[in-house]
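Note that ligands are numbered from 1 as they come in the structure, with each ligand's atoms numbered from 1 the same way. When reading the values below, keep in mind they use all heavy atoms of this one structure, side chains included, and skip hydrogens, waters and symmetry mates.
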Amino acid sequence: MDKLKVGIIGTGLAFERLHYPAYQELSDKYEIVALCDPEPENTRPWAERLGLGVNNIYTDYRPMLWRGDINVFDIMVPIENNFRVTEDVARAVAHQHGRAIICEKPLAANYEQAKAHAELPRRYGVPIMIAENYRYSEEINIIRDMVREKRIGEPVYFINNRVICFPEEMLKNDFARTEWRQHPVFAGGVIMDSGVHDVAAMRHIFGAIDKLQAFGVPQHDDFAPYAVLNVNLRFHSGVTGQFSFYSAGKEMQRPLVGLRIFGTSGMIYLEESDCGTINVSYNDGRSEQVRYRPQRGYYNELLNLYNALTGREIISVTPEMEYGDVKTILDMLRSAKNGSIVEVDSTSSYIPAYRPNYQPQFEYHPVTWH
Ligand SMILES: NC(=O)C1=CN([C@@H]2O[C@H](COP(=O)(O)OP(=O)(O)OC[C@H]3O[C@@H](n4cnc5c(N)ncnc54)[C@H](OP(=O)(O)O)[C@@H]3O)[C@@H](O)[C@H]2O)C=CC1
Ligand SMILES: O=C1CO[C@H](CO)[C@@H](O)[C@@H]1O
């Protein structure tokens, strides 16, 4: 099989730090053949590095879509553009065999766009993978397996605590330096941008959410409507949990609260996604440390797409699945605003709604880990 030819849309931080290293690791499967970014200063160094001529560099992605030689369009643009750009690409490559789209998380900026995005694969007959790396990461999948295998007995409840000091992060050479994150025009600001990963992890491990209720402490800084959001969750499985997302302050204690899952015969503890160890403690005094490789989500997601396009797997994280993650964040914001209990997922199943028009590459299944 020839390498899949990739057109990049948006050559910012996510491309440089996350997707490009994964493409390098999978250079026997993917070849980047075109780049698009509104700012030529952003693409020039990449063109040199990748040996791409001027004909393969674009400041507007639309002419790039007319090319017949690109298999995969990889969209890494500010969140407010995710839906519009993905729909433009889907329309251009509609019903063309061997073509697919990657769109970064979160798939959209509001409810309406998220719903419309979830319908794009069926509407245009194009496979779309959402690059929600938490659902492809080793640690979240190991924990999901532990819970399903009842390693700690029946799961009863969890706490999941995330603290980010966005005001400090803004001063670093990292994601928070971008203007579109500091002054977001999409719902929730950093709660959507970063919190959607935590929601993806919780739904990946525990399944669909029945109801939630959130309280928030409002703040005036643009980057998030609430300094902290405290959310109570009940899953269709019966598990309950508490999620806190604090983006305006600092965590000064170690070990971090992290993710702690309590079961009838023990507990699972992940201090943070980069720590490399999942701790499992049993009520009888035994304990074990399970090692994993952090940050493998980007590699695993590209491998899943390659395997899907070559007929060996099906795409694990579809827009339909990610729709639920984004809806959950929007539901949290709605609950905090209205003081209401909100119903989240109407079904406890992950099977896509368009199953009647079954097409193997769109169906959800757990991927093989590499
Ligand atoms: N999975 C993960 O862990 C992460 C995911 N992300 C996701 O990746 C996406 C991009 O984030 P990030 O790279 O940090 O943001 P950046 O701002 O660093 O990069 C985005 C780039 O896209 C360009 N761009 C904007 N509009 C268009 C367009 N219409 N066509 C082509 N290019 C465009 C921007 O140009 P200009 O600046 O000129 O507007 C910019 O160069 C977001 O959706 C984000 O949520 C980001 C980080 C981590
Ligand atoms: O997805 C992402 C990972 O987390 C970062 C910071 O917490 C975000 O800004 C980024 O978009």
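Closest protein heavy atom to atom 45 (O) of ligand 1: Lys105 O, 2.8 Å. Regarding atom 3 (C) of ligand 2, its nearest protein heavy-atom neighbour is His197 NE2, 3.5 Å. For atom 41 (O) of ligand 1, the closest heavy atom belonging to the protein is Asp37 OD2, 2.6 Å. Ranking protein heavy atoms by distance to atom 33 (C) of ligand 1, first place goes to Pro38 CD, 3.3 Å. Scanning all protein heavy atoms for the shortest distance to atom 9 (O) of ligand 2 gives Asp193 OD2, 2.8 Å. Annotation: atom 47 (C) of ligand 1 to nearest protein heavy atom, Phe175 CE2, 3.3 Å. In this structure, the protein non-hydrogen atom closest to atom 2 (C) of ligand 1 is Asn133 OD1, 3.4 Å. In terms of protein heavy-atom proximity, atom 48 (C) of ligand 1 is nearest to Leu18 CD1, 3.2 Å. At the top of the distance list for atom 12 (P) of ligand 1, counting protein heavy atoms only, stands Ala14 N, 3.8 Å. Of the protein's non-hydrogen atoms, the one nearest atom 37 (O) of ligand 1 is Asn42 ND2, 4.8 Å.
A salt bridge is defined here as a Lys NZ or Arg NE, NH1 or NH2 lying under 4.0 Å from an Asp or Glu carboxylate O, and Arg49 with Glu16 fails to meet this definition. Taking the charged nitrogens against the carboxylate oxygens, Asp193 and Lys105 do have a contact shorter than 4.0 Å, which makes a salt bridge.
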Checklist entry - Step by step, would you call Val257 with Val163 a side chain to side chain contact (heavy atoms under 4.5 Å, CB included)? => result CA-CA 10 Å; Val257 176; Val163 182; over 6 Å; no
Item to check | Criterion side chain to side chain contact (heavy atoms under 4.5 Å, CB included) on Asn133 and His197, from CA distance to verdict | outcome: CA-CA 8 Å; Asn133 51 299; His197 289 302; 3.2 Å; yes
Item to check | Derivation and outcome, side chain to side chain contact (heavy atoms under 4.5 Å, CB included), residues Ile101 and Val126 | outcome: CA-CA 8 Å; Ile101 299 172; Val126 58; 4.2 Å; yes
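Each of the following atoms of ligand 1 lies closer than 4.0 Å to a heavy atom of Ile79: 43 (O), 45 (O). Taking every heavy atom of Gly12 and a limit of under 4.0 angstrom, the matching atoms of ligand 1 come to 13 (O), 18 (O), 19 (O), 21 (C). Taking a cut-off of under 4.0 Å to the non-hydrogen atoms of Ile9, the atoms of ligand 1 that pass are 30 (N), 31 (C). Listed by number with element, the atoms of ligand 2 under 4.0 Å from a non-hydrogen atom of Ser194 are 4 (O), 5 (C), 6 (C), 7 (O), 8 (C). Contact atoms of ligand 2 toward Arg181: 9 (O), 10 (C), 11 (O) (distance under 4.0 Å to a heavy atom of the residue). The atoms of ligand 1 that sit less than 4.0 Å from any heavy atom of Ala131 are 1 (N). Heavy-atom proximity to His197, at under 4.0 Å, picks out these atoms of ligand 1: 1 (N), 2 (C), 3 (O). For ligand 1, the atoms closer than 4.0 angstrom to any heavy atom of Thr178 are 17 (O), 18 (O).
Closest non-hydrogen pair, Leu270 versus Thr277, comes out as CD1-O, 3.9 Å. Across all non-hydrogen atoms, the minimal contact from Tyr292 to Cys275 is OH-N, 3.5 Å.
No side-chain N or O of Thr240 forms a donor-acceptor pair with one of Arg234 less than 3.5 Å apart. No hydrogens or angles considered: a donor-acceptor pair under 3.5 Å links the side chains of Glu288 and Tyr282. For the residue pair Tyr299/Asn304, the side-chain donor-acceptor check at 3.5 Å is not satisfied. Donor-acceptor pairing under 3.5 Å is lacking for the side chains of Arg67 and Asn55. Between Ser244 and Asn230, the side chains place a donor N or O and an acceptor N or O closer than 3.5 Å (distance only, hydrogens not considered). No hydrogens or angles considered: a donor-acceptor pair under 3.5 Å links the side chains of Asn279 and Gln289. Side-chain polar atoms of Asn232 and Gln242 form no donor-acceptor pair below 3.5 angstrom. Side chains of Asn82 and Glu104: a donor-acceptor N/O pair is absent below 3.5 angstrom, by distance only. Donor-acceptor pairing under 3.5 Å is recorded for the side chains of Asp74 and Tyr23.
Of the candidates Met64, Met76, Arg181, Arg181 brings a heavy atom nearest to atom 14 (O) of ligand 1.
The distance criterion of under 3.5 Å between nitrogen or oxygen atoms is met by Glu104 with respect to ligand 1. Polar contact check, Val77 against ligand 1: a nitrogen or oxygen pair lies under 3.5 Å apart. Considering both main-chain and side-chain atoms, Arg84 never comes within under 3.5 Å of ligand 1 through any nitrogen or oxygen pair. For ligand 1, the polar-atom distance check finds no N/O of Glu39 at less than 3.5 Å from any of the ligand's N/O atoms. In terms of N/O distances under 3.5 Å, ligand 1 is approached by Trp180. Looking at ligand 1, you'll find an N or O of Leu13 within less than 3.5 Å of one of its N or O atoms.
Residue-ligand proximity: Glu104 is placed with every non-hydrogen atom at 4.0 Å or more from ligand 2. Contact annotation: Arg17 has no heavy atom less than 4.0 Å from any atom of ligand 1. Between Glu169 and ligand 2 there is no heavy-atom distance shorter than 4.0 Å. The shell of residues lying under 4.0 angstrom from ligand 1, judged by heavy atoms, excludes Glu179.
Between the side chain of Ser247 and the backbone N or O of Val190, no donor-acceptor pair lies under 3.5 Å.
At a 4.0 Å heavy-atom cut-off, ligand 1 does not touch Glu132 at all. Heavy atoms of Asp193 found under 4.0 angstrom from ligand 1 belong exclusively to the side chain. The proximity of Glu80 to ligand 1, defined as any non-hydrogen pair under 4.0 Å, does not occur for either the backbone or the side chain.
Below 30°, between 30° and 60°, or above 60°: for Phe206 and Phe158 the angle between ring planes is below 30°, a parallel geometry.
There is no path of hydrophobic side-chain contacts, each under 4.5 Å, that joins Val147 to Met267.
Inside a 4.0 Å radius of atom 24 (N) of ligand 1 there is at least one protein heavy atom.
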